[in-house]
Asker: 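Please see the structure below; I have some questions.
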Amino acid sequence: MLAWIIWLVWMLPVVIFLVCVLRSRGKYKNRKGAGAFFFENDSLVLNTGLLYEVPFWEINWVELQYNSWELEHQLSYSLWVKVVRRDGRSKRVFYKGYGTAKLAYPEDMRAALEERGIRCVMTDCNKKRK
């Protein structure tokens, strides 16, 4: 009996977290195969475990930090997406990219952001090291 109580106490936060993740992800239509982010209801939605939505009018700029060497020589790449709001707050998330997403590569992401009037800054981390 005590083992069940200990197991329940340990598992309850995990179950609550999973329910929150599934609930937040279920309210968006465009998330499937979206990549690092997607657009819905005039907002940029960062595609993380718990989705993070930022309305277009609050965004000052979006910074995409990637490594050009990984893009050229590997099947996957690492990408940091940083959304800076007009009030100075920012949100930075990590994304492991593959060529199968709708917005597969940083150039595709930049074009999609600029199409919606959002300024995008691209930073190649590989060039910083040289």
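Everything numeric in this text was worked out from a predicted model, so none of it was measured.
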Asker: Return the set of residues passing salt bridge (charged side-chain N to carboxylate O under 4.0 Å, His left out) with R119 (not counting sequence neighbours), or none when no residue passes.
Answerer: none
Asker: On a heavy-atom basis, which atom in L79 and which in Y77 lie closest, and how many Å separate them?
Answerer: CB-CE1, 3.9 Å
Asker: Calculate, to the nearest 0.5 Å, the distance between atoms SG and CG belonging to C120 and L64 respectively.
Answerer: 4.0 Å
Asker: How far apart are the closest heavy atoms of S43 and P55, and which atoms are they?
Answerer: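 The answer is OG-CA, 3.5 Å.
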Asker: Considering non-hydrogen atoms only, spot the tightest contact between Q65 and C125 and give its length.
Answerer: CB-SG, 4.0 Å
Asker: Are E107 and M122 side-chain neighbours, meaning at least one heavy-atom pair lies under 4.5 Å?
Answerer: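 The answer is yes, as the side chains (C-beta and beyond) meet within the 4.5 Å cut-off.
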Asker: Parallel, tilted or perpendicular for F37 and F39, by the 30°/60° rule?
Answerer: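 It falls in the perpendicular class, over 60°.
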Asker: Between the side chains of R85 and D87, is the shortest nitrogen-to-carboxylate-oxygen separation below 4.0 Å, so that they form an ion pair?
Answerer: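 Not counted as a salt bridge, because no side-chain N and carboxylate O are separated by less than 4.0 Å.
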Asker: Is V54 reachable from I118 through a run of hydrophobic residues whose side-chain heavy atoms are each under 4.5 Å from the next?
Answerer: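 Yes, because I118 and V54 connect within a single hydrophobic cluster, where side-chain heavy atoms sit under 4.5 Å apart.
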Asker: Working to the nearest 0.5 angstrom, can you tell me the gap between K91 NZ and E53 CD?
Answerer: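 Between atom NZ of K91 and atom CD of E53 there are 13.5 Å.
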Asker: Report whether Y105 and L44 are members of the same hydrophobic cluster (ILVMFWY, side-chain heavy atoms less than 4.5 Å apart, transitive linking).
Answerer: yes
Asker: Where is the tightest heavy-atom contact between V83 and I59, given as atom of each residue plus distance?
Answerer: CG1-CG1, 4.0 Å
Asker: Can you check whether D124 reaches Y66 side chain to side chain, under 4.5 Å on heavy atoms?
Answerer: yes
Asker: Heavy atoms, side chains only, cut-off 4.5 Å: are Y52 and V93 in contact?
Answerer: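 Heavy-atom side-chain distance check fails, nothing below 4.5 Å.
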Asker: Once salt bridge (charged side-chain N to carboxylate O under 4.0 Å, His left out) is applied, what residue pairs with a partner in residues 64-83 remain, sequence neighbours excluded?
Answerer: none
Asker: Go through the steps for Y95 and N47 under the test side-chain contact (heavy atoms from CB on, under 4.5 Å), then give the verdict.
Answerer: CA-CA 8 Å; Y95 173 71; N47 198 9; 5.8 Å; no
Asker: Who passes side chain to side chain contact (heavy atoms under 4.5 Å, CB included) against D42, sequence neighbours left out?
Answerer: F56
Asker: I would like to know whether V84 and E63 meet side-chain contact (heavy atoms from CB on, under 4.5 Å); could you show each step before the answer?
Answerer: CA-CA 8 Å; V84 179; E63 184 174 345; 5.8 Å; no
